[in-house]
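Proteins get letters first, then strands, A, B, ... in listed order; numbering begins at 1 in each.
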Amino acid sequence: MGPNADNEGSDSFDWDTEDEQEFMLPSSASPRCFGNGNVVCSDEASSSNGISISHFVGMGFSRDMVCKAIDENGGEGNSTAIVETLLTYSALEKSPSETEHVACGGQQFVSDISSSESAGDFLDDFSDEDYLGSEDNDETLSEMDKNLKQLVDMGYPAAEAAIAMERCGQDASIDVLTDFMCAAQTAKEADAQLEELPRFGFNEGERRNYFDGDSGKKKRFYSDNNWERKRQKQRERRRNSDEEVDSTIIPNPMIGFGIPAEPWRRHQRTLPNEVIGPPYFYYENVALAPKGVWSRISSYLYEIKPEFVDSKYFSAAARKRGYIHNLPISNRYPLLPIPPQTIHEALPMTKKWWPSWDSRTKLNCLQTCLASAKLTDRLRKAVADYHNDPPITIQKYVMEQCRKWNLVWVGKNKLAPLEPDEIESLLGFPKNHTRGISRTERLKGLGNSFQVDTVAYHLSVLKEMFPGGITVLSLFSGIGGAEVALHRLGIPLKTVVSVEKSETSTNILHNWWQSTHQKGNLIHIDDVTKLDADKLEQLINSFGGFDLVIGGSPCNNLAGSNRHTRDGLAGEHSSLFYDYFRILNQVKLIMGN
DNA sequence: CGAATTATGATTGAGGTG
DNA sequence: CACCTCAATCATAATTCG
């Protein structure tokens, strides 16, 4: 009946080595900026797994740095380790001063992007005068490395040590550095009170203590030695690790700069001058990413703070996402018709079988996998034994599984996962949008997509700006959430350059393009890493520039559902964010000329 | 061999309790 | 403040099926 309560004490933990590695992850570093095509070293031979020096150079690191990082990691095999090494170097070189003011009812943004020494500068407005690491010869670097290592050995987080070294100068003594960090620490502790925001009554906090001897897997863990040790280590790490380098605050309620239901909430923001469009850009990823990820993404995208929005305010299913963009935020309007807002409205057939003790009105996030038939059958058996409502412990267990797997009631005591066409509808896509490919592929494509109504609400401000239509660079297009959103807004698509690796997703977008009788051009490119400055310049010359650069880079190394490779931004796929950043910069640069 | 099926926790943060 | 409960989460990998 209950979930398998096993694996107590079966895992062995090796925290000692892991802690060291995590310290090496700085949580803030400034991006390198790009010049013209001369940064692209096309003569580089790719290694067997397709990762080359130019791949890392493309992320914005200098060539020297890349070579050194590859050497340190014993060749090009371990790209994740190389990226982390590079990010550490970046933190050593420079860390952005995180000045930030929060005005009442709005936010102000202060940019602090400096150009670097690498290959041409892309922002003429900024000078190099406050940049100190103009020639990072090996001796300087290794000296700084030595200091960093010593500080880390003393127990300081690498990120703070790197910041201290940057602030105090390269040849500051260890004493000076520790003093600096001590002062910074106390300042931050005193700074740790800023929290307001009203709360909504969406989830009534009905918390009961439940003591279930059978299905209770938790109580027993508390007396487990490994478990205790692990929790202790976690607490220690939490105290030690970068106290407040991650300044990202996820708002509650998660409504960003406003939702259609509350147009009276007024927000204002000030963007840095160099990102006031065009070109407009729109970047998306999961809101609940590992610590520090959003502040890093933000530091690359001109220090613009993400707009966190949960799609449950636009549809019957939740979808917590962060959006960084330079779009205006006033006079937004929702896509019509307004989609069903509750489970019963979206799936009327379920109403008949819905038990009174299932209090859900919204579905959770639509993911890429569905519950197994064995699980739903176990749940059916757990509930079917009772004439009336099952006991509270059974209810708890069933509800937990329902929430985890987004199950709905489709018969007496019968639960089932959603069908692909239901997911299409909940995400705002037309019926049969993904039809024609395998069920597994459909679920994957849909699970990785935008919620169309949510994105369209943000993009709606483009309509009056581009009455004649727009030219779009769509990165990581997937099944075409951005295209569908723009089309449903009635914004003509003059040209869409779509970059997408998956062939099945590409076909879906292509089919949609034809079936909606688009007048414009749809151009496909299959690899973001191959979209270099030359290619961009060629495209921009052909179409007169891009009005919008839109895309959400891979989230699978950030998403909470990933048990195996939740490696953060440095992960194999999620690191493609740096290509979004690179391409956006190159577009801005080329269009600026 | 592609498609379908199934099992597989950890990391966060909010909020309660003593 | 220490400690706990509760909740959410754009997935991966191994295996089986047809």
Undergrad: To the side chain of K291(A), which of dT12(B), dA8(C), dC10(C) is closest?
TA: dT12(B)
Undergrad: Quick one about S502(A) and T504(A) (side-chain donor to acceptor, distance below 3.5 Å, no hydrogens or angles considered), yes or no?
TA: yes
Undergrad: Between I250(A) (CD1) and dT9(C) (P), how many Å, whole number?
TA: 12 Å
Undergrad: Starting at CE of M399(A) and ending at P of dC6(C), how long is that distance when rounded to a whole Å?
TA: 14 Å
Undergrad: Does a donor on one side chain and an acceptor on the other come within less than 3.5 Å for S311(A) and R319(A)?
TA: no
Undergrad: Taking the side chain as every heavy atom from C-beta outward, state whether V309(A) and Y457(A) have any atom pair closer than 4.5 Å.
TA: no
Undergrad: Let's test your reading of the model: under 3.5 Å, does the base of dC10(C) pair with the side chain of E284(A) as donor and acceptor?
TA: yes
Undergrad: Suppose you measure atom C1' in dT8(B) against the same atom in dT9(C); what distance do you get, rounded to whole Å?
TA: 15 Å
Undergrad: Nearest to the side chain of N448(A), which nucleotide is it out of dT9(C), dC10(C), dG15(B)?
TA: dC10(C)
Undergrad: Output yes when at least one side-chain N/O atom of S449(A) is less than 4.0 Å from OP1 or OP2 of dC10(C), else no.
TA: no
Undergrad: Flag the pair R435(A) and E424(A) as a salt bridge only when some basic side-chain nitrogen lies within less than 4.0 angstrom of an acidic carboxylate oxygen.
TA: no
Undergrad: Where the side chain of K320(A) is concerned, which of dT9(C), dG9(B), dA7(C) is the nearest nucleotide?
TA: dT9(C)
Undergrad: Name the closest nucleotide to the N556(A) side chain, picking from dT9(C), dA11(C), dC10(C).
TA: dA11(C)
Undergrad: CG of D567(A) versus P of dA10(B): gap in Å, rounded?
TA: 15 Å
Undergrad: For I550(A) and Y580(A), which heavy atoms make the closest approach, and how far apart are they?
TA: C-CE1, 4.2 Å
Undergrad: Check whether the side chains of E572(A) and T565(A) place a donor and an acceptor atom closer than 3.5 Å, and report yes or no.
TA: no
Undergrad: Can you tell me, in whole Å, how much space there is between the P of dC10(C) and that of dT6(B)?
TA: 24 Å
Undergrad: Taking only N and O in the side chain of K404(A), is any of them less than 4.0 Å away from OP1 or OP2 of dG9(B)?
TA: no
Undergrad: Quick one: stems involving DNA chain B, counted as three or more successive Watson-Crick or G-U pairs, both distances short of 3.5 Å.
TA: B:1-8 with C:11-18, B:10-18 with C:1-9
Undergrad: Starting at atom CZ of R563(A), determine the distance to atom C1' of dT9(C), rounded to an integer number of angstrom.
TA: 10 Å
Undergrad: Select one nucleotide: of dA11(C), dC10(C), dA8(C), the one nearest the side-chain heavy atoms of N285(A).
TA: dC10(C)
Undergrad: Can you classify the ring geometry of Y282(A) versus H458(A) as parallel (below 30°), tilted (30 to 60°) or perpendicular (above 60°)?
TA: tilted
Undergrad: Do any side-chain nitrogens or oxygens of R403(A) fall under 4.0 Å of OP1 or OP2 in dA8(C)?
TA: yes
Undergrad: Mind listing the N/O atom pairs, protein and nucleotides 4-6 of chain B, below 3.5 Å?
TA:
residue: dA4(B); atom: OP2; partner: R439(A); partner atom: N; Å: 3.2
residue: dA4(B); atom: OP2; partner: T440(A); partner atom: N; Å: 3.2
residue: dA4(B); atom: OP2; partner: T440(A); partner atom: OG1; Å: 3.0
residue: dT6(B); atom: OP2; partner: A373(A); partner atom: N; Å: 2.9

Undergrad: Quick one: H564(A) NE2 to dT11(B) C1', roughly how many Å, whole number?
TA: 15 Å
Undergrad: Walk me through whether F429(A) and W512(A) qualify under ring-ring contact (aromatic ring centres under 6.0 Å, His included).
TA: CA-CA 11 Å; F429(A) 287 92; W512(A) 173 85; 9.1 Å; no
Undergrad: side-chain contact (heavy atoms from CB on, under 4.5 Å) for L459(A) and L327(A)? Distances and angles first, verdict last.
TA: CA-CA 8 Å; L459(A) 299 179; L327(A) 294 164; 3.7 Å; yes
Undergrad: Look at R321(A) and dC10(C) and indicate whether a side-chain polar atom (N or O) is within less than 4.0 Å of OP1 or OP2.
TA: yes
Undergrad: Between E419(A) and R439(A), does at least one N-O distance fall below 4.0 Å, as a salt bridge requires?
TA: yes
Undergrad: Give a yes/no on whether any side-chain N or O of N364(A) is located under 4.0 angstrom from OP1 or OP2 of dA7(C).
TA: no
Undergrad: Closest-nucleotide mapping onto DNA chain C: is G560(A) or N557(A) further toward the 5' terminus? I mean the 5' end.
TA: G560(A)
Undergrad: Under 4.0 Å: is that the gap between some side-chain N or O of S561(A) and OP1 or OP2 of dT9(C)?
TA: no
